[in-house]
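Structure first, commentary second.
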Amino acid sequence: MKNLEGEHNQNSDSVHSKETKPCYGMVIDLRRCIGCHACSVACKAENKVPLSVFRSWVKITERGAFPNARRYFLPLLCNHCEHPICVINCPVKASYKRDDGIVLIDYDKCIGCKYCIASCPYEIRFVNPERRTVEKCTFCAHRIDKGYLPSCVNACPTTARIFGDLNDPDSEVSKLLANNPVQVLKREMGTEPRVFYIGADLFAMKERF
Amino acid sequence: MEIFEHSRTIYSVPHEIPLGVLIAVYFYLTVLSAGSFVISVVANLLGLTQYKPIAKITAVLAPLLLMIAPLNLIIDLEQKPRFWELFVFLNPTSPITWGSFLLTLYPLSAIIYAYFVFTGNKSLSRLFGIIGIPLAISVHGYTGFILALAKGRALWNTFLMPVLFLVSAMVSGIALVIIVYIGKLWWFSKGKSPEEMEKEKGLVSNMCGILVGSIVTDLFLIFCDVAVLMTSISEAKEVAHLITMGKFAPYFLGVELFMGGVIPLILLTTPATKRNLGVQFAASLLVMAGIMAMRYVVVVGGQYIPLSM
Ligand code: SF4
Ligand code: SF4
């Protein structure tokens, strides 16, 4: 999966060599996103996320002046990075990466040192005010393990969020990645995010100039 | 670009600062401890009788400060009773795991060292002093790594962090020793002959000389750091702006650089004031306040700019 920006051949070669193990990822097609926040709400309900904190949300930016103006939506969630700084830095290995690429937190183990929150370049982690440990998006691992899609993907009315196995060349995510120009957030961090965006806006992604 | 002037973030989630003042204070106390330990050992190794009192004072300060410091860390945990996990579930890639061991071994060696200093056992106090120095340096160097390895934050993610932390350890360690030493001089000055007092004052002036040297080194490193930040990637520029012109400028420019650096430098190098005990005492206090401001600016200022909003 390293060379997503490279040629398709090379990409599918590496995909075939790892056929057996799944590697989950998400493509967010912003051409379809209407900024309805259904994903944020579904996530809150599915994961019982307390008030004032969010595992996934839709950032909204706006540019231009009437009549040449537009709003841009950017759904944000854990990138389930290939090289997750949060996992590298967690002192008690409470944050870990599963074989299928999903980055999780063991809530019984987390000591709440918050180093991972400070380390994640995407500011995706937070302290759950009720459980008093750190938490974040899990790609709804509990649903995936039962064969369901993540709740946000399930709820999206325009199918802007597409989830699947990046190691399977026939999965919808792989096909989208093969056929579209894609971006990831903060590529320069070397984290190799597994959440890809189609049509993401520069200002929305980079926040500032 | 005009068009981007009209760009606004309409909605995102609130930004939090995960590591706060407690962590800054923790860094500050380890700094003081490591600094005073190194000074103690050096004074002890030099073996000159005039340095004996310094070696003793610092030998007590070092473990004392380092027993308070980790308490800050534990209080800051969301799950305080689970802190023992730090010694059981180890992650070799995490600087906090390195720290769990350094923070245990270093105070131990410092206590043993202090014991031998006070019982007057020369060879053993030297031995444990020499063993303790790399520990003292690592205990402080590793805190620099904690910040440097959280690579999302432009202010932290530089190799200079561990170095800067070590130099500031030196600065505030010496300042602390000067303060304690002068305090002791004032307290016990009655029975002393004028010659003895002169000798003691000479000693303080020597230490002030070293202090001046380390402040200059510290200021130079900070200058290098900020100069590179200002010309680096956009996030680095933004944080450089934050500390030089933005919300953290009063702490950075005002307290850290001016009050804690420039003023003490002037006081300690001007011939009229540099040998005055009161001035030396005040200058050292300013230096210590400046280093505390530095911790605050680095820790809290480093997280001030939202990454996702
Ligand atoms: S996005 Fe942040 S929390 Fe998620 S895996 Fe990457 S570094 Fe960790
Ligand atoms: S807060 Fe929890 S998950 Fe995060 S680094 Fe600390 S122990 Fe690990």
Side-chain angles (χ1 to χ4, degrees), chain A residues 35 37 40 52-54 57-65 68-69 71-72 74 76 85 87-95 108-128 131-134 185-186 188-191 201-204 206-209, chain B residues 1-20 23 73-74 76-100 146-147 149-153 156-157 233-235 237-238 299 302-303 305-309:
Chain A
H37 299 276
S40 321
S52 83
V53 285
F54 298 84
W57 69 98
V58 183
K59 176 178 160 184
I60 303 177
T61 53
E62 193 178 77
R63 179 155 72 246
N68 294 312
R71 279 195 172 179
Y72 297 89
L74 189 70
L76 292 165
I85 309 177
V87 172
I88 294 169
N89 280 351
C90 175
V92 297
K93 290 193 173 163
S95 289
D108 294 327
K109 213 173 180 188
C110 171
I111 58 173
C113 66
K114 295 168 280 194
Y115 187 30
C116 55
I117 308 185
S119 303
C120 168
Y122 309 99
E123 242 174 18
I124 235 71
R125 296 180 160 233
F126 56 88
V127 176
N128 180 318
R131 199 190 310 109
R132 286 272 147 215
T133 66
V134 167
L185 298 176
K186 295 192 184 161
E188 72 276 11
M189 285 295 149
T191 45
D201 172 60
L202 180 64
F203 178 76
K206 286 238 18 173
E207 309 105 41
R208 305 164 295 272
F209 275 76
Chain B
M1 273 172 291
E2 177 66 16
I3 187 69
F4 287 113
E5 306 279 298
H6 289 286
S7 300
R8 301 160 287 276
T9 297
I10 303 295
Y11 170 81
S12 195
V13 301
H15 163 70
E16 279 175 41
I17 294 183
L19 305 180
I23 301 295
L73 291 184
I74 296 177
D76 193 58
L77 294 183
E78 297 293 329
Q79 293 285 343
K80 300 169 193 35
R82 289 187 193 164
F83 81 93
W84 55 269
E85 289 184 11
L86 284 165
F87 299 95
V88 180
F89 306 115
L90 311 178
N91 182 4
T93 57
S94 171
I96 296 188
T97 294
W98 316 342
S100 326
I146 290 190
L147 298 187
L149 298 189
K151 66 178 163 184
R153 316 278 169 173
W156 296 356
N157 187 215
I233 59 170
S234 46
E235 267 148 34
K237 280 197 260 188
E238 198 177 358
V299 173
Q303 301 167 83
I305 294 171
L307 300 179
S308 63
M309 280 172 80

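Letters A, B, ... are given to chains in the order of the sequence lines, protein chains preceding strands, and every chain is numbered from 1.
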Practice prompt. Would you check if Tyr122(A) and Thr191(A) make a side-chain contact, meaning some heavy-atom pair closer than 4.5 Å?
Written response: yes
Cut-off 4.5 Å, heavy atoms of chain B, and the answer for Leu76(A) is side chain
Any donor-acceptor pair under 3.5 Å linking the side chain of Gln79(B) with the backbone of Arg132(A)?
yes
Notebook entry, point to check: Would you say Lys186(A) and Leu307(B) make side-chain contact, with heavy atoms under 4.5 Å?
Noted result: yes
- Item | Note, Pro18(B) side chain near Arg125(A) side chain (heavy atom, < 4.5 Å) | no
Ranked by heavy-atom pairs below 4.5 Å to chain B, first place among Ala65(A), Cys90(A), Cys113(A) goes to Cys90(A)
Answer key: most heavy-atom pairs under 4.5 Å with chain A among Thr97(B), Ile146(B), Ile74(B) is Ile146(B)
Of Met189(A), Lys109(A), Lys93(A), the largest count of non-hydrogen pairs under 4.5 angstrom with chain B goes to Lys109(A)
Under 4.5 Å to a heavy atom of chain B? For Ile85(A) that would be side chain
Of the listed Leu90(B), Ile96(B), Leu73(B), Val88(B), the one with the largest count of heavy-atom pairs under 4.5 Å with chain A is Ile96(B)
Do Leu147(B) and Arg153(B) make a side-chain contact, defined as non-hydrogen atoms from C-beta onward lying under 4.5 Å apart?
no
Interface check, chain B: of Thr133(A), Thr61(A), Leu74(A), most non-hydrogen pairs under 4.5 Å belong to Thr61(A)
Pairwise side-chain contact, Leu19(B) with Gln303(B), heavy-atom cut-off 4.5 Å (strictly under): yes
Okay, Trp156(B) and chain A: the region with an atom under 4.5 Å from a heavy atom over there is side chain
Between Glu85(B) and Asp108(A), the two heavy atoms sitting closest are OE2-O, 3.8 Å
Cut-off 4.5 Å, heavy atoms of chain B, and the answer for Phe54(A) is side chain
Given Ser119(A), Pro91(A), Gly112(A), Pro121(A), the one with more heavy-atom pairs under 4.5 angstrom with chain B than any other is Pro91(A)
Turns out that what part of Val58(A) lies under 4.5 Å from chain B's heavy atoms comes down to backbone
Honestly, the part of Cys120(A) sitting under 4.5 Å from a heavy atom of chain B is backbone
Donor-acceptor under 3.5 Å (Asn91(B) side chain, Val87(A) main chain): yes
Under 4.5 Å to a heavy atom of chain A? For Ile23(B) that would be neither
Only one of Arg71(A), His37(A), Glu62(A), Lys59(A) passes side chain to side chain contact (heavy atoms under 4.5 Å, CB included) with Tyr11(B), and that residue is His37(A)
